[in-house]
There are 2 protein chains.
Amino acid sequence: MRLIAMIFGAAVLAQAQNLIPAPARLVAGQGKFLITEKFHVAFSGYREPRLEAAAIRLVARLAKRTGLAIGRIPGAGNAPAALTIACEKAGARVQNVREGESYSLTVSPAGARLHAPNPLGILRGMETFLQLVDQDSEGFFAPAVNIEDTPRFPWRGLMIDVSRHFMPPEAIKRNLDAMAAVKLNVFHWHLSDDQGFRVESKLFPKLQGMGSDGLYYTQAQVREIVAYARSRGIRVVPEFDVPGHTSSWFPGYPELAATPGPYEIERDGGTACMDPARESTYRFLDKFIGEMAALFPDPYLHTGGDEVSAKQWDANPRIRAFKKRHGMKHSHELQAYFEKRLAAIVKKHGKRMMGWDEILQPGLAKNVVVQSWRGQKSLDEAARQGYLGILSHGYYLDLMLPASQHYAADPLGNGGASLTPEERTRILGGEACMWDELVTPENLDGRIWPRNAAIAERLWSPGTVTDVESMYRRLEILSRELERDGLTRVSGYRLMLERLAGGYALEPVKTLADIVEPVKEYKRMSTGRYTSFTPLNRLVDCARPESETARHFGKLVDRLTAGQASADEREALRTWLVRWRDNDARLKPALELELLKEAAPLSNDVAALAEAGLGALERIAAGKHDPEWAEGQSALVARAREPRAELLISIVPLIEKLIAAAR
Amino acid sequence: MRLIAMIFGAAVLAQAQNLIPAPARLVAGQGKFLITEKFHVAFSGYREPRLEAAAIRLVARLAKRTGLAIGRIPGAGNAPAALTIACEKAGARVQNVREGESYSLTVSPAGARLHAPNPLGILRGMETFLQLVDQDSEGFFAPAVNIEDTPRFPWRGLMIDVSRHFMPPEAIKRNLDAMAAVKLNVFHWHLSDDQGFRVESKLFPKLQGMGSDGLYYTQAQVREIVAYARSRGIRVVPEFDVPGHTSSWFPGYPELAATPGPYEIERDGGTACMDPARESTYRFLDKFIGEMAALFPDPYLHTGGDEVSAKQWDANPRIRAFKKRHGMKHSHELQAYFEKRLAAIVKKHGKRMMGWDEILQPGLAKNVVVQSWRGQKSLDEAARQGYLGILSHGYYLDLMLPASQHYAADPLGNGGASLTPEERTRILGGEACMWDELVTPENLDGRIWPRNAAIAERLWSPGTVTDVESMYRRLEILSRELERDGLTRVSGYRLMLERLAGGYALEPVKTLADIVEPVKEYKRMSTGRYTSFTPLNRLVDCARPESETARHFGKLVDRLTAGQASADEREALRTWLVRWRDNDARLKPALELELLKEAAPLSNDVAALAEAGLGALERIAAGKHDPEWAEGQSALVARAREPRAELLISIVPLIEKLIAAAR
């Protein structure tokens, strides 16, 4: 945040510009409101337990942020209120997608006032207030500011897959906290898949009993998490993925499957599929969905529908006969039949069905919501056909792509222009997706955050907010605060690296880890090497999806190659390169450990790349063009570009730039 | 741990030597037992839910330590057992001080076997097993070893004061986990003091209602923590400190006080005191202790008795008359009377009374246990008089002393030699004390650990285990594992430093923080500046009691001045000094923040000291003696020795050594 502060010479304005997501409208005021131990919250309008609990949490977080004994000084509550909450009226009994979230927040030297038509707006505004808090030579403060804020899209979600790896309730809760911090409002809980059925069914106890290895949420835990989310203004949409991705249902209930069992939980995915040609399947789903519809209060229920393999359907003569009888030629017609039946069941239990874009087939009920993961096109198509839809294509966090790439994906981007205004209103928003084949509770937070905040901004802030540099700057500030609020992104990274270091010094391991990134997209999964039991304790499991160090180094490289680098910046470049060059030797003993062996070639190449970078620096400083030398580096660069240990060295393109500049 | 591994060329032996506390007897075996995902625990003897839960925790911790999917692979339990638990019989229904804790642990390449007469021994042995686990080029393993272990003292405790600053249940629980890891067996819970009454009384609800600011443990939480401790083999001894240190009792029950109210919770301690001259006081205590005796199952109940000020007693004519009537000349006779009455009450409710050494007055019931905080002498005196006693003098963690100093304190040290063998058996052990006037949940773990492990070793291991270097080496290994098991010593430090950095780079703040230490003993408290509302968010609140960096640097200095430093070691010295010299400039912007301003002179002096150190290095390298130059550094050193911002620069004596060597 200091960078901007220095440029503008006004810390106050800078801090207001640290907000993420950026508010719809912000006017900087004069002066600042000092935060002391006497800070307290008062209600001037409607109040309810949810708001009171939120005020207590706000005070506790402020105390943590400042280290001040805020909320402890008796009698402070009699002083003029520091933050006045003016809420007009109660919200919906069950939060819904059309419930407003706007608020206005005014901070002046005398105090702060947060106004909103309903509790949801107050919850959003509280997060804004907390993000405003900063410190300077006079202590902690919030800058004077006037904010009018409202979201661009009403559906802003994060999906977490808890089937491939179970995520314990506390991991879910800390991520709900982080979601609330960036004003996300839907937690899409992917509760069943081939590798595990993760929720307790009392009607069909063999679902979790034989389909989860004992790792599932009890109904009491579900209720607790749903309440936890609601108190933070977050809806919980459960997903039970059918008719494919269902092998964990079948150890307990093989009669649901399209081919005879016996079944075991599939540890690496599979092609098992429900039998859509039997009435008993629908009777089961009717009861099961009835039970889940009562457990989860949200009006929406997600039934998956993605990646249905026709293999098992085609292999079963009875199902083939069923298709024939119903005049179906293709399996997707059979799936359309299934989805139609399912939509009726979901509707019967008072819910609105939602599914992945494969369910968009002729005959699909119009009240079904489509979640587009395969592309913008299917989202637009759904909107044109009259369906409500949300975008997830472009928001797959498991693909290890940079935040900037997610930031560029827009639910109304690309083809959106070809939609009519009415069709555009059918696009409700988007959802980040965290598929967890390669994620454990240990690295979950680092896989989701801070990149997910870039998506949150895309979905909340005006579409004109697109400054990538600003976004990255604010992600870094946010990361610090999320950690203080309970995320384990930094602490988990450190613990994983210490395991890799195995008692040797941590620092050299971290130096390497900080500049490598996991291979992108489906490269790891497509090795076929992973099951849900594969230990995820290697360097690739620690390494960040996007190297912050490389990004900072890249900025210095850009300055240098543009001939704009200061002496300090040149020195900083050199310091990094020296550190990387020398790191291999420091890492040597740890590289003999079983877990870290595979990183030896990477470490070696990093040293060589750094050496090349230093060579380039020297030549650039001397103003000497040396094409022969540059040419001589190409074999190294080519080798270093190749993934090893499923990792990429993120500084390769930056070293290439330096070499090119010395050419 | 690597250091030793390299010296012995045998990682196996080295890892066995990492145990803390060191076991009574250890024989290294041949080979190692590989830990894989198939690892599991089997019971061959007596089993009970407590042991089963402990086995599940062991597996979970092993999974965390290794990142392997231990405990998840179905069917692994059918393979030959990896760790066999052979427990002979059940333990006491309520754990007591004479309950055995010995165990034997044999690890061979084929597996491990843990044998003990009772569950307590099994719990101790499990911790030893976990500490044995290491990794090398073949993966994770436990070295082949044969351990026979038993504690030196039966009472090995940690007292945590939760009155001056409330510590939430999760903070207590993570410290109970850490206690279990180093085989401590008594959690002494200092539940009431002037600044807060921290436990729910149903009979006298105004105790917590008006004496805690709402920060107290409900009885349900107490029961949960007691059960949590028991499942880890830890007794919980509650302390209600009377008749002094009681001002938090009086807002609700002023009639208990020696002088008329009204009373408020004292925020900075006080001299308020119970009225020992009224029967109603004893009636109240009878009922209250009855309630607490039922809540806390331990046979012991601690009633404090320390630092009773006679001021209020002397100020009250009725109390003066009471003294006269009973022929008492001194206030300590009045306290003796009070303690005698109290001991009868405690006994009536089936408990054994325990108190600080001030209670050792003529007429004290012989079954009372004395906790010596004022010196070894009072402990020996108690033993001579026939009392059981434990040592806390020398174990006060709040004094910010080095681990080595605590390590040197021995319950049977000094005067112990003058005791008869029988008298010596009356010394049950010791307790570390964490008084929390200057501690919050944020820095609690760093204040207790790892120093507390040195005390744990003193109390468990044979008295001949006294190698300070080895102790420090093992503390560092332990620290890493405790963090993985849930302590927030490292993560909390980082968050506090980030607050100080206020958005500027963290690293320069950490570089400074790593080499400063809070002033020692009662220097901070005696400023009179602190109340329980004073924010504890300054550099002094982050700084470690004992700088690990300075200790490592000190070793290098010793090598150099002994003329034994290798080129690498000389380079390492220089690198540290350069880093410290340059740090002041890097820290400059953050030093303008309100929280960090006060550290500017320290930062400045560190730079100057480092410059002096570099000057010394140069002269030593050149073999040049330069008394004039050395003399010229004395003003700097003298200034740097003085505390500023309640901090000491821990490298001062080391720089002095370097200067002296260049003289």
Side-chain angles (χ1 to χ4, degrees), chain A residues 1-2 5-6 14-15 18 37 63-74 134-140 213-215 264-265 440 442 476-477 480 483-484 488 490-491 494-496 498-506 531-538 541 589-590 592-595 597, chain B residues 1-2 5-6 14-15 18 37 63-74 134-140 213-215 264-265 440 442 476-477 480 483-484 488 490-491 494-496 498-506 531-538 541 589-590 592-595 597:
Chain A
M1 64 182 110
R2 294 299 153 189
M6 288 186 294
Q15 184 58 22
N18 289 339
E37 315 83 55
K64 257 184 152 177
R65 207 154 289 198
T66 60
L68 302 173
I70 294 172
R72 292 285 310 282
I73 312 282
D134 197 6
Q135 55 170 313
D136 64 12
S137 61
E138 293 177 293
F140 292 92
D213 301 306
L215 298 169
E264 286 190 354
I265 300 171
T440 69
E442 225 171 29
E476 288 186 18
I477 297 165
R480 285 196 291 272
E483 192 81 7
R484 194 176 295 283
T488 61
V490 178
S491 59
R494 191 189 155 88
L495 287 173
M496 290 184 83
E498 276 199 333
R499 176 191 298 145
L500 289 178
Y504 294 107
L506 174 67
T531 79
S532 45
F533 289 143
T534 315
L536 297 174
N537 58 359
R538 293 160 51 216
D541 300 299
E592 280 169 30
L593 296 171
E594 209 258 339
L595 280 182
K597 272 177 196 166
Chain B
M1 66 179 109
R2 295 297 152 187
M6 289 185 295
Q15 184 58 22
N18 290 339
E37 314 84 52
K64 256 185 154 176
R65 207 153 289 201
T66 59
L68 303 173
I70 293 171
R72 291 282 313 281
I73 312 284
D134 197 5
Q135 54 168 315
D136 63 11
S137 62
E138 293 176 295
F140 292 94
D213 301 306
L215 298 170
E264 286 190 356
I265 300 172
T440 68
E442 224 171 31
E476 290 187 19
I477 297 165
R480 285 197 290 272
E483 192 80 7
R484 194 176 294 285
T488 61
V490 178
S491 59
R494 189 189 159 89
L495 287 173
M496 291 184 82
E498 278 200 334
R499 175 191 297 144
L500 290 177
Y504 294 106
L506 173 67
T531 79
S532 46
F533 290 143
T534 316
L536 297 173
N537 58 0
R538 293 159 52 217
D541 299 299
E592 282 168 29
L593 295 171
E594 210 259 338
L595 280 182
K597 273 177 195 165

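Lettering follows sequence order; numbering is per chain, from 1. It should be emphasised that the depicted structure is a prediction, and the values quoted were computed from it without experimental measurement.
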Highest number of heavy-atom pairs under 4.5 Å with chain A among Ala69(B), Pro74(B), Pro589(B), Ala63(B) belongs to Pro74(B)
Any idea which heavy atoms bring Pro535(A) and Leu68(B) closest together, and the distance? CG-CD2, 3.5 Å
From the list Ile70(A), Thr534(A), Thr66(A), Ile265(A), the residue making the most non-hydrogen contacts under 4.5 Å with chain B is Thr66(A)
Polar side-chain atom of Arg480(B) near backbone of Gly502(A) as donor-acceptor pair, under 3.5 Å: no
Using a 6.0 Å cut-off, check whether atom CD of Glu594(A) has over 12 heavy atoms from anything other than its own residue. yes
For Glu442(B), is it the side chain, the backbone, both or neither that has a heavy atom under 4.5 Å from a heavy atom of chain A? side chain
Hey, mind stepping through Arg72(A) and Leu215(B) against side-chain contact (heavy atoms from CB on, under 4.5 Å) and telling me if it holds? CA-CA 9 Å; Arg72(A) 292 285 310 282; Leu215(B) 298 170; 3.1 Å; yes
Going by heavy atoms in the side chains, are Val490(B) and Ser491(A) under 4.5 Å from each other? no
Arg484(B)/Glu498(A) under side-chain contact (heavy atoms from CB on, under 4.5 Å): CA gap, chis, key distance, verdict: CA-CA 9 Å; Arg484(B) 194 176 294 285; Glu498(A) 276 199 333; 4.0 Å; yes
What part of Arg538(A) lies closer than 4.5 angstrom to a heavy atom of chain B: side chain, backbone, both or neither? neither
Need one label for Ile73(B): side chain, backbone, both or neither, based on atoms under 4.5 Å from any heavy atom in chain A. both
Interatomic spacing from CG in Asn537(A) to NZ in Lys64(B) - rounded to 0.5 Å: 15.0 Å
Based on non-hydrogen pairs under 4.5 Å, which of Glu592(A), Glu476(A), Met496(A) is most in contact with chain B? Glu592(A)
Heavy-atom pairs under 4.5 Å with chain B - which of Asp541(A), Thr488(A), Leu595(A) has more of them than the others? Leu595(A)
